[in-house]
Amino acid sequence: MYHEKIITKNRINVKGTLYSGQTFLWNNSNILGDYHFSIINSTPIIINQISEYELDVYSDEKSIGGLSLYDFIHHYFTLEINTYSVFPESFSRLYPDIWRLLGNYLSVRIMRQDPFETMISFMCAQGVGMQLIRKQVAMLVQNYGEKRSVSFLGREIILHHFPSPERLAGADLITLSSCTNNNRLRARNIIQVSQGVVEGRIDLEYLCNRQLPLSELRSMLCLNDGIGYKIADCIALFGLGRFDAFPIDTHVKQYLGKWFNSSTALRSLSPRSYLALDGEVRTILNPDLAGYAGHILFHCWRKEIKKLHSF
DNA sequence: CCCCAGGCTTTTC
DNA sequence: GAAAAGCATGGG
């Protein structure tokens with residue numbers, strides 16, 4: 001198996017990243033000792049973090065998506081981004097207490113994940129806890145994803161591709177519901193969206209267009225049942241590389257109120273207050289990287305303040 | 001039986 | 001238009 005050592009000048013916390021509730025792990029990736037197995041861009045990849053600045057990466061393929069394995073991983077984990085510079089220069093001066101807390105979380109990264117996988121995964125994330133989200137995605141993957149075995153260190157590891165749009169588009173509603181917490185409405189929405197992708201009504205490649213204004217991108221995603229502002233922003237941030245997208249959920253709403261003294265955050269979250277908060281955030285954070293910064297704040301809030309240890 | 005969990009949709013004012 | 005209520009499910 002092909003091996004590449006990735007060295008980065010910026011701190012990286014792959015374990016934190018993998019455990020941080022992203023679809024990389026939701027996608028039923030296996031862990032064997034320190035080795036993380038997953039399928040990225042249809043390619044089985046094994047990652048082992050050996051220091052704050054070093055990753056060991058294994059793959060059968062020397063190149064992925066037209067990039068060398070090294071460049072692909074570098075891009076996938078956004079290693080070109082110095083997470084210190086994600087926050088405005090004035091941030092440490094204006095919010096010294098938060099900045100101190102953030103120290104351990106500046107190595108958490110957003111990954112450039114597959115748009116379809118991100119879309120379906122986050123559609124499973126409304127009104128349920130992290131554990132249930134993971135369970136749903138894992139079941140989708142196991143029941144509808146193509147099986148793939150990898151041999152590594154003398155063992156056979158069974159992985160699954162994320163289900164294709166075609167497979168989910170043709171799924172039976174009741175059967176699929178068993179993967180969506182028995183929520184038939186959610187199952188229906190997932191089937192509809194998958195059909196949209198298959199039929200080209202939802203053009204993920206077009207949505208990747210960087211020129212598309214965020215508001216327009218969000219509107220287009222929200223045309224689909226089961227996708228509102230929050231899920232749309234998650235798809236943009238995690239699946240379309242739009243680091244300006246700032247998803248606001250219950251946790252984000254909480255820290256905006258407590259840490260940044262936003263009175264809007266004390267109101268109940270409605271489409272109206274969502275957009276108001278979105279505007280406020282862009283005066284606090286760098287608008288172009290608001291979502292990236294928000295993701296770091298999110299994990300810091302959950303672990304340091306809420307003391308949540310569930311991923 | 002209560003509340004909450006990385007919200008969305010429909011009804012009502 | 002915008003706020004309020006309804007929705008749907010499992011777990012603590």
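Here is the naming used below: chain letters follow the sequence lines, and residue numbers restart at 1 for every chain.
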J.: Round to a whole Å and report the spacing from CG of A:Leu221 to P of B:dC8.
T.: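 My rounded result for the distance is 11 Å.
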J.: Looking at B:dT9, C:dA3, B:dG6, which one has an atom nearest to any side-chain atom of A:Ser270?
T.: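 Of all the options, the side chain of A:Ser270 is nearest to C:dA3.
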J.: Using the C1' atom on both, measure C:dG12 against B:dC1 and round to a whole Å.
T.: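 Pairwise C1' distance, C:dG12 against B:dC1, rounds to 13 Å.
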J.: In whole Å, I'd like the distance from the CZ atom of A:Arg272 to the P atom of C:dG1.
T.: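 About 11 Å, once rounded to whole Å.
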J.: In whole Å, what is the span from the OH atom of A:Tyr229 to the C1' atom of B:dG6?
T.: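 Whole-Å distance recorded here is 19 Å.
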J.: What string of B, S and - do you get for nucleotides 4-12 of chain C, 5' to 3', if B is base contact, S is sugar-phosphate-only contact and - is no contact with any protein heavy atom under 4.0 Å?
T.: -----BS--
J.: Please enumerate all protein N or O atoms sitting under 3.5 Å from an N or O of nucleotides 10-12 of chain B, with distances to 0.1 Å.
T.:
none

J.: Got a list of side-chain donor-acceptor pairs under 3.5 Å for residues 190-198 of chain A, not counting sequence neighbours?
T.:
| residue | atom | partner | partner atom | Å |
| --- | --- | --- | --- | --- |
| A:Ser194 | OG | A:Ile190 | O | 2.8 |
| A:Gln195 | NE2 | A:Ala169 | O | 3.2 |

J.: Have a look at A:Phe238 and tell me which of A:Tyr292, A:Phe122, A:Phe243 forms a ring pair (Phe, Tyr, Trp, His ring centres under 6.0 Å) with it.
T.: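 It is A:Phe122, the one option of A:Tyr292, A:Phe122, A:Phe243 that forms the ring pair (Phe, Tyr, Trp, His ring centres under 6.0 Å) with A:Phe238.
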J.: Just jot down the side chain to side chain contact (heavy atoms under 4.5 Å, CB included) partners of A:Thr264, sequence neighbours excluded, or say none.
T.: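 Partners of A:Thr264 by the side chain to side chain contact (heavy atoms under 4.5 Å, CB included) criterion, ordered by chain and then number, come out as A:Ser262, A:Arg267, A:Ser273, A:Ala276, A:Leu277, A:Glu280.
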J.: Report the distance from atom CD of A:Gln192 to atom C1' of B:dC8, rounded to the nearest whole Å.
T.: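 Roughly 14 Å, once rounded to whole Å.
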J.: Once you round it to whole Å, what is the distance between C1' of B:dG7 and CZ of A:Arg218?
T.: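 Those two atoms, CZ and C1', are 15 Å apart.
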J.: So what does A:Leu269 hit on the nucleic acid, given a heavy-atom distance under 4.0 Å: a base, only sugar-phosphate, or nothing?
T.: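 The residue A:Leu269 makes no contact with any strand.
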J.: Across the strands shown, which category fits A:Asn189 at heavy-atom distances under 4.0 angstrom: base, sugar-phosphate, nothing?
T.: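 Counting heavy atoms under 4.0 Å across all strands, no contact is made by A:Asn189.
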J.: In this structure, how many angstroms lie between the C1' atom of B:dG6 and the CD1 atom of A:Ile110, rounded?
T.: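 That distance rounds to 13 Å.
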J.: Ignoring the backbone of A:Gln254, work out which of B:dT9, B:dG6, B:dA5 is nearest its side chain.
T.: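 Among the listed nucleotides, the one closest to the side chain of A:Gln254 is B:dA5.
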J.: Report, one line per pair, each donor and acceptor closer than 3.5 Å where one atom sits in a side chain of residues 61-69 of chain A; sequence neighbours left out.
T.:
| residue | atom | partner | partner atom | Å |
| --- | --- | --- | --- | --- |
| A:Ser68 | OG | A:Asp71 | N | 3.1 |
| A:Ser68 | OG | A:Asp71 | OD2 | 3.4 |

J.: Go through it in stages, so that I can follow the logic: the residues are A:Leu285 and A:Phe91, the test is side-chain contact (heavy atoms from CB on, under 4.5 Å), and I'd like the CA-CA distance, side-chain angles, deciding distance and then a yes or no.
T.: CA-CA 8 Å; A:Leu285 300 171; A:Phe91 192 91; 4.0 Å; yes
J.: Give me the distance, rounded to whole Å, that separates C:dG6 from B:dC3 when you measure between the P atoms they each carry.
T.: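 14 Å, rounded to whole Å.
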J.: Report the distance from atom CG of A:Asn224 to atom P of B:dG7, rounded to the nearest whole Å.
T.: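 Atom-to-atom, A:Asn224 to B:dG7, this comes out as 19 Å.
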J.: Using the P atoms only, state how far B:dC4 lies from C:dA5, rounded to an integer number of Å.
T.: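 After rounding to an integer number of Å, I get 16 Å for this pair.
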J.: Both conditions, 6.0 Å and 45 degrees, for the charged tip of A:Arg218 above the ring of A:Tyr229: are they met here?
T.: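 Yes; both conditions hold, so A:Arg218 lies above the ring face of A:Tyr229.
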J.: Could you give the distance separating B:dT10 and C:dG10 at their C1' atoms, to the nearest angstrom?
T.: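 It comes out at 24 Å once rounded to the nearest Å.
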J.: Kindly write out the residues that satisfy side chain to side chain contact (heavy atoms under 4.5 Å, CB included) with A:Asp249, not counting sequence neighbours, or none if the list is empty.
T.: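 Expected list: A:Lys230, A:His251, A:Val252, A:Phe298.
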J.: What nucleotide, of B:dT9, C:dA3, B:dG6, holds the atom closest to the side chain of A:Arg267?
T.: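 Output: C:dA3.
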J.: Donor-acceptor pairs under 3.5 Å, side chain of residues 206-213 of chain A to any protein atom, not counting sequence neighbours: which ones?
T.:
| residue | atom | partner | partner atom | Å |
| --- | --- | --- | --- | --- |
| A:Asn209 | OD1 | A:Gln211 | N | 2.9 |
| A:Arg210 | NH1 | A:Gly241 | O | 2.8 |
| A:Arg210 | NH2 | A:Gly241 | O | 3.3 |

J.: Report the distance from atom NZ of A:Lys253 to atom P of B:dA5, rounded to the nearest whole Å.
T.: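 Distance, rounded to whole Å: 11 Å.
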J.: Suppose the criterion is side chain to side chain donor-acceptor pair (under 3.5 Å): which pairs have a residue in residues 39-50 of chain A, not counting sequence neighbours?
T.: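 Listed by first then second residue: nothing to list.
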J.: Start at the 5' end of DNA chain B and walk down; is the nucleotide closest to A:Cys222 or to A:Cys234 reached first?
T.: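 Nearest nucleotide further toward 5': that of A:Cys234.
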J.: What interatomic distance, in whole Å, is found between P of C:dA8 and the corresponding atom of B:dT11?
T.: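 Comparing P positions in B:dT11 and C:dA8 gives a spacing of 13 Å.
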J.: Under 3.5 Å, which donor-acceptor pairs do the side chains of residues 92-99 of chain A form with other protein atoms, sequence neighbours left out?
T.:
| residue | atom | partner | partner atom | Å |
| --- | --- | --- | --- | --- |
| A:Asp97 | OD1 | A:Arg100 | NH1 | 3.3 |

J.: How do A:Asp249 and A:Gly226 order along DNA chain B: which one's closest nucleotide is nearer the 5' end?
T.: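 Nearest-nucleotide comparison on DNA chain B picks A:Asp249.
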